[in-house]
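Letters go in sequence order (proteins before strands), and every chain restarts at 1. This is a predicted model, so every value here is computed, not measured.
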2 protein chains.
Amino acid sequence: MEQLRKTLKVHNLRTTTCREDVLSTFISKKNALSHGDLEGALGESYDRVTIYRTLKTFLEKGIIHKVLDDEGLRYALCSHSCSEEKHQHDHIHFKCNTCGETNCLENQHIPEVQLPQGYLPEHFNLLIQGTCPKCNN
Amino acid sequence: MEQLRKTLKVHNLRTTTCREDVLSTFISKKNALSHGDLEGALGESYDRVTIYRTLKTFLEKGIIHKVLDDEGLRYALCSHSCSEEKHQHDHIHFKCNTCGETNCLENQHIPEVQLPQGYLPEHFNLLIQGTCPKCNN
DNA sequence: AAAGTAATGCAACAATGTTTCATATGCAAC
DNA sequence: GTTGCATATGAAACATTGTTGCATTACTTT
Ligand SMILES: [Mn+2]
Ligand SMILES: [Mn+2]
Ligand SMILES: [Zn+2]
Ligand SMILES: [Zn+2]
């Protein structure tokens, strides 16, 4: 609870209940969340628009990052070390086609790739779809 | 022209002007296209819904594949060798942040990755964002 | 406690995608 | 070539998702 406020303060954000709740939802559920997921989790507490704006703010401040998904955009907590200036997201995302969850594999880094002459790579996003350990009995 | 019909026939699809035009648009523009891109390219010729349905059909038949993008879904031609049963899409997609185009790098394969125990990978989608050769002077 | 600034809720709108159903079209069989 | 059947299309209605403007409310600093 106090930790949430601290996180917001570190990123120069006013502490509001919506931001606390959104942040806390990201922390408790560990998987990547869509706007709709958050709406569902938070019930009628906040206006749709406010959630959109909270996501946008968190993105800009480097609290969360985008997770590409074959059926839309999701968001997940940045592990640490992400700021407004510099983002470090070279890890793999895994989407389970059985349970539908998408997760960050923080420790699995995207391998180096060799691009043809002239390409200047800046950001990487690797989504692997398949079956997750929970669903792979 | 005759080639288009042949491609449709190979996939057991009736030749309609919409399908011909959509396919021909994918061939002439070489980059990945969103539904909106197609609507723009084809003008008022066809109903929005018909274009959606054409994309869905082409997806199912293995004529095009999905391309994940940080601002929505796009589609691109399958190079060859994709059928309704089996798809082969282990190549890299590159999105240029300057010109906005997303392209298939057919010859750049996604490198092997080592996942933790229990993960069963099936499909891979790697999007690299940066500057493309055209825009990198 | 007061003032200034930033966040919120609400309404209206825009964009994107889906479903239903009557009509039109392609295609295979005759 | 004509016929009949299955399929594709267009139109309307709807659902979902995301954005913008503006008045009100709530943080934070002093
Ligand atoms: Mn992640
Ligand atoms: Mn591709
Ligand atoms: Zn699972
Ligand atoms: Zn470019």
Side-chain angles (χ1 to χ4, degrees), chain A residues 1-2 4-25 32-61 63-75 84 100 102, chain B residues 1-2 4-25 32-61 63-75 84 100 102:
Chain A
M1 208 63 197
E2 203 43 51
L4 296 179
R5 288 165 181 254
K6 203 167 158 187
T7 305
L8 293 174
K9 180 154 267 180
V10 165
H11 291 89
N12 286 308
L13 291 176
R14 290 190 180 177
T15 61
T16 68
T17 55
C18 180
R19 287 174 178 169
E20 285 179 332
D21 283 358
V22 168
L23 185 49
S24 132
T25 305
L33 303 173
S34 66
H35 174 270
D37 294 334
L38 285 165
E39 238 186 320
L42 300 177
E44 304 285 293
S45 319
Y46 309 103
D47 194 272
R48 286 167 15 82
V49 180
T50 304
I51 298 178
Y52 276 116
R53 287 193 274 229
T54 301
L55 287 171
K56 198 174 166 207
T57 304
F58 281 9
L59 263 184
E60 288 166 355
K61 295 297 182 175
I63 297 175
I64 58 177
H65 62 280
K66 284 187 184 181
V67 179
L68 300 191
D69 198 307
D70 63 329
E71 51 189 350
L73 219 41
R74 291 170 190 274
Y75 305 87
E84 200 158 355
T102 304
Chain B
M1 212 58 200
E2 203 43 51
L4 296 178
R5 289 166 180 255
K6 202 167 162 187
T7 304
L8 293 174
K9 180 154 267 179
V10 166
H11 291 89
N12 287 308
L13 292 176
R14 290 187 178 177
T15 61
T16 67
T17 54
C18 180
R19 287 174 178 170
E20 287 179 331
D21 282 357
V22 168
L23 185 50
S24 131
T25 305
L33 302 173
S34 67
H35 173 270
D37 292 335
L38 285 164
E39 238 188 320
L42 300 177
E44 305 285 292
S45 318
Y46 309 103
D47 193 273
R48 286 168 11 86
V49 180
T50 304
I51 298 178
Y52 276 116
R53 286 193 277 231
T54 301
L55 286 172
K56 196 174 169 210
T57 304
F58 281 9
L59 262 184
E60 288 165 357
K61 295 295 183 176
I63 298 175
I64 59 177
H65 62 280
K66 283 187 184 181
V67 178
L68 301 191
D69 199 308
D70 64 328
E71 51 188 350
L73 219 42
R74 289 169 190 274
Y75 305 87
E84 201 157 354
T102 303

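- Rounding to the nearest 0.5 Å gives a distance of 7.5 Å between NE2 of B/His11 and OG1 of B/Thr7.
- When only modelled atom types and interatomic distance are considered, A/Ser34 and A/Asp37 share a side-chain donor-acceptor pair under 3.5 Å.
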* With side chain to side chain contact (heavy atoms under 4.5 Å, CB included) as the test, would you mind laying out the steps for B/Leu68 and A/Asp70 before giving the verdict? => CA-CA 6 Å; B/Leu68 301 191; A/Asp70 63 329; 4.1 Å; yes

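- Rounded to whole Å, the distance from CZ on B/Arg48 to P on C/dA14 is 14 Å.
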* To do: Begin with the C-alpha distance, continue with both residues' side-chain angles, and end with the deciding distance and a verdict on side chain to side chain contact (heavy atoms under 4.5 Å, CB included) for B/Leu73 and B/Val67.
  => CA-CA 6 Å; B/Leu73 219 42; B/Val67 178; over 6 Å; no

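- As judged by a 4.0 angstrom heavy-atom cut-off over every strand, A/Thr57 is placed among residues making no nucleic acid contact.
- At least one side-chain nitrogen or oxygen of A/Thr15 sits closer than 4.0 Å to the OP1 or OP2 atom of D/dT28.
- Looking at every heavy atom in both residues, A/Arg14 comes nearest to A/Arg19 through O-NH1, 3.0 Å.
- Note that the OH atom of A/Tyr75 and the NE2 atom of A/His65 stand 12.0 Å from one another [nearest 0.5 Å].
- Rounded to whole Å, atom P of C/dA7 lies 12 Å from atom NZ of A/Lys56.
- Between D/dA8 and B/Arg19, a contact under 4.0 Å exists linking OP1 or OP2 to a side-chain N or O.
- For the pair B/Ile51 CD1 and D/dT9 C1', the interatomic distance rounds to 12 Å; values are reported in whole Å.
- As a whole-Å value, the separation of A/Leu13 CG from C/dA7 P is 7 Å.
- Of all nucleotides present, only D/dG1 satisfies the Watson-Crick or G-U wobble test against C/dC30, with each distance under 3.5 Å.
- In this entry the distance linking CD of B/Glu60 with P of D/dT7 reads 13 Å, nearest Å.
- Between A/Thr16 and C/dA6, a side-chain N or O to OP1/OP2 separation shorter than 4.0 Å is absent.
- Note: OH (A/Tyr52) to C1' (C/dT16) measures 11 Å, nearest angstrom.
- Taking atom CG of A/Leu55 as the reference point, atom C1' of C/dT8 lies 15 Å away to the nearest angstrom.
- With rounding to whole Å, B/Tyr75 atom OH is found 11 Å from C/dT16 atom C1'.
- Each of A/His35 and A/Arg14 was matched to the nucleotide of DNA chain D holding its nearest heavy atom; the match closer to the 5' end belongs to A/His35.
- Taking only side-chain nitrogens and oxygens, B/Arg53 never comes nearer than 4.0 Å to OP1 or OP2 of D/dA8.
- Partner of A/Leu55 under the side chain to side chain contact (heavy atoms under 4.5 Å, CB included) criterion, out of A/His35, A/Lys66, A/Glu60: A/His35 alone.
- Of all the residues in residues 36-47 of chain B, not one reaches under 4.0 Å from DNA chain C with any non-hydrogen atom.
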